[in-house]
Amino acid sequence: MKPHRQSSRRVHRRMPQPEFGDWRVPVEKPHEAEHLQPKTLGVIKRLKVQAAYWQNMEPLYGSDGEADWQPVHGVKRVIRLVIGLCLLLPLSVVMVYALLLQLHHAAPVVGELAFWQSESVWFSVLGALVFISVKYFRLIDPMLMFAYVLGHELTHAIAAVLCFGKVQALSVDLDGGYVDTDTDNLFVALAPYFIPLWMLLWLGVFFVANWVYPFGSYLPWFYAGFGFWWCFHVYWTLWVIPREQPDLLENGVVLSFMIIMLTNVVSLVLMLRCFGVISLRGYAKDFVASAHEIAAAFGDLVKLLQALLLI
């Protein structure tokens with residue numbers, strides 16, 4: 001019997017240097033990096049550079065000489081691309097459109113001054129502004145980076161444990177981090193991109209503390225922390241997705257991105273429900289209506305293309 005080899009999830013986070021804009025630039029000699037000047041790239045150029053980068057990605061090898069991960073390829077790549085484009089992309093369009101309809105219906109509620117002056121909304125927005133200010137002025141960048149990498153790798157580890165896996169090792173530092181586990185699936189790979197770990201921990205701590213000893217006067221801190229950590233999650237998720245991420249590459253970039261988008265839309269819907277801006281029942285109705293409307297528009301487009309091709 002062949003010995004069972006533990007599969008490994010080794011996820012590295014690196015600050016890509018040197019850069020043109022946000023993209024890696026190859027250099028032959030290390031000292032050349034000091035003389036490179038940032039260059040702004042257009043959208044099309046960015047897509048071309050990133051596509052070429054993904055195509056040329058090499059597997060990441062561990063200390064045992066075997067690949068810890070490798071980009072998805074062959075039939076699996078085609079299947080995941082089809083699922084992402086033909087199933088998840090239309091679903092994400094419908095979900096976003098339904099959310100916009102709900103926000104449109106909620107305009108009278110949101111437009112009321114009382115809504116914006118409510119304690120929950122005001123202090124949540126204030127917490128988000130605190131994070132934006134701290135990040136903009138780079139006051140505690142190393143701490144924020146370390147917190148992000150730690151939360152990212154912990155989320156991988158927790159997801160693996162929830163899938164009845166074992167975590168052999170976890171490493172975190174400012175240059176990156178990794179988790180070694182014997183369980184690997186889409187949930188384990190993509191969990192950090194849609195589970196705001198620090199925000200959930202913040203909510204959990206306040207819930208338990210308030211249950212043990214109610215403290216209504218400290219609720220503004222609760223809402224401010226909620227806004228801070230939610231903004232923290234959104235910022236770092238958007239920051240890390242375009243960079244070198246085995247999580248996305250080994251599962252198909254299109255499929256991974258669609259799953260991340262869908263799950264974050266669901267999180268946003270639940271958050272807006274907590275603020276009383278939308279209702280889940282109303283969102284479900286708008287979702288069905290949006291699906292019918294978009295399907296009808298797509299059918300009309302197909303008929304138009306058929307008519308043009310027959311001319």
Closest non-hydrogen contact found for Cys231 with Ile132 is SG-CG1, 3.9 Å
Next item on the list: Measure centre to centre between the rings of Trp221 and Tyr218, then say whether the value is under 6.0 Å.
Entry: no
Quiz item: Taking the six-membered ring for Trp, are Trp236 and Tyr148 parallel (under 30°), tilted (30 to 60°) or perpendicular (over 60°)?
Solution: parallel
Residues Thr155 and Gly151: closest non-hydrogen pair is OG1-O, 2.6 Å
Separation between OG1 (Thr237) and CD1 (Ile195), nearest 0.5 Å, reads 11.0 Å
Are Glu119 and Leu219 close enough that some pair of their side-chain heavy atoms sits under 4.5 Å apart? yes
Residues at least two apart in sequence or cross-chain that pass side chain to side chain contact (heavy atoms under 4.5 Å, CB included) with Pro90, listed by chain then number, are none
Does the separation of the ring centres of Phe194 and His233 fall below 6.0 angstrom? no
The reported gap from CG in Leu190 to CZ in Phe257 (rounded to nearest 0.5 angstrom) is 12.0 Å
- Please report the C-alpha distance between Tyr193 and Val240 in whole Å, then the side-chain angles of each, then the deciding distance to 0.1 Å, and finally whether the side-chain contact (heavy atoms from CB on, under 4.5 Å) criterion is met. CA-CA 9 Å; Tyr193 301 94; Val240 78; 3.6 Å; yes
Extract all donor-acceptor atom pairs below 3.5 Å that involve side chains of residues 198-211 and protein atoms in other chains or at least two apart in sequence.
from: Trp198; atom 1: NE1; to: Ala147; atom 2: O; distance (Å): 2.9
from: Trp202; atom 1: NE1; to: Phe222; atom 2: O; distance (Å): 3.0
from: Asn210; atom 1: OD1; to: Phe215; atom 2: N; distance (Å): 3.2

Shortest non-hydrogen pair, Asn185 vs Cys163, comes out as ND2-SG, 3.5 Å
Residues 126-140 vs salt bridge (Lys or Arg N to Asp or Glu O under 4.0 Å), sequence neighbours excluded, gives Lys135-Asp141, Arg138-Asp141
Residue set satisfying side chain to side chain contact (heavy atoms under 4.5 Å, CB included) with Cys274, at least two apart, ordered chain then number -> none
Mind checking whether Thr183 and Phe164 have side chains closer than 4.5 Å, heavy atoms only?
-> no
Side chains of Trp229 and Pro196: closer than 4.5 Å at any heavy-atom pair? no
What verdict does the ring pair (Phe, Tyr, Trp, His ring centres under 6.0 Å) test give for His156 and Tyr178, after you've listed the backbone C-alpha separation in whole Å, the side-chain angles of each residue and the deciding distance to 0.1 Å?
CA-CA 9 Å; His156 277 309; Tyr178 66 85; over 10 Å; no
Residues Ser120 and Ser124: closest non-hydrogen pair is O-OG, 2.7 Å
Would you say the side chain of Leu85 lies within less than 4.5 Å of the side chain of Leu255, judging by non-hydrogen atoms? no
Taken to the nearest 0.5 Å, the spacing of Asp180 CG from Leu170 CG works out to 9.0 Å
Interatomic distance, CE@Met258 vs CG@Leu87, rounded to 0.5 Å, equals 11.5 Å
Residue set satisfying side chain to side chain contact (heavy atoms under 4.5 Å, CB included) with Lys285, at least two apart, ordered chain then number -> Arg281
Can you check whether Val253's main-chain N or O pairs, donor with acceptor, with Ser256's side chain at less than 3.5 Å? no
Here the gap from Met145 atom CE to Leu150 atom CG, rounded to the nearest 0.5 Å, amounts to 13.0 Å
- Check whether any side-chain heavy atom of Phe287 sits under 4.5 Å from a side-chain heavy atom of Leu91, and report yes or no. yes
Name each donor-acceptor pair under 3.5 Å that joins a side chain in residues 92-101 to protein atoms two or more places apart or in another chain, with its distance.
from: Ser92; atom 1: OG; to: Leu88; atom 2: O; distance (Å): 3.3
from: Ser92; atom 1: OG; to: Leu89; atom 2: O; distance (Å): 2.6
from: Tyr97; atom 1: OH; to: Glu293; atom 2: OE2; distance (Å): 3.1

In short, Ile260 meets Ile241 closest at the heavy-atom pair CG2-CD1, 4.2 Å
For His292, the side chain to side chain donor-acceptor pair (under 3.5 Å) test, sequence neighbours excluded, returns none
Just wondering, do Leu197 and Ile158 contact through their side chains at under 4.5 Å, heavy atoms?
yes
Taking side chain as C-beta onward, heavy atoms only, is Val121 less than 4.5 Å from Val125? yes
inquiry  = Applying side-chain contact (heavy atoms from CB on, under 4.5 Å) to Gln168 and Asp182, what does each step give before you reach the verdict?
reply    = CA-CA 8 Å; Gln168 283 82 33; Asp182 60 357; 4.1 Å; yes
Tightest non-hydrogen contact, residues Ala160 and Thr181, listed as CB-OG1, 3.4 Å
Val234 meets the side chain to side chain contact (heavy atoms under 4.5 Å, CB included) criterion, sequence neighbours left out, with Trp230, Leu238
So CG of Asn264 and CD1 of Ile259: to nearest 0.5 Å the spacing works out to 12.0 Å
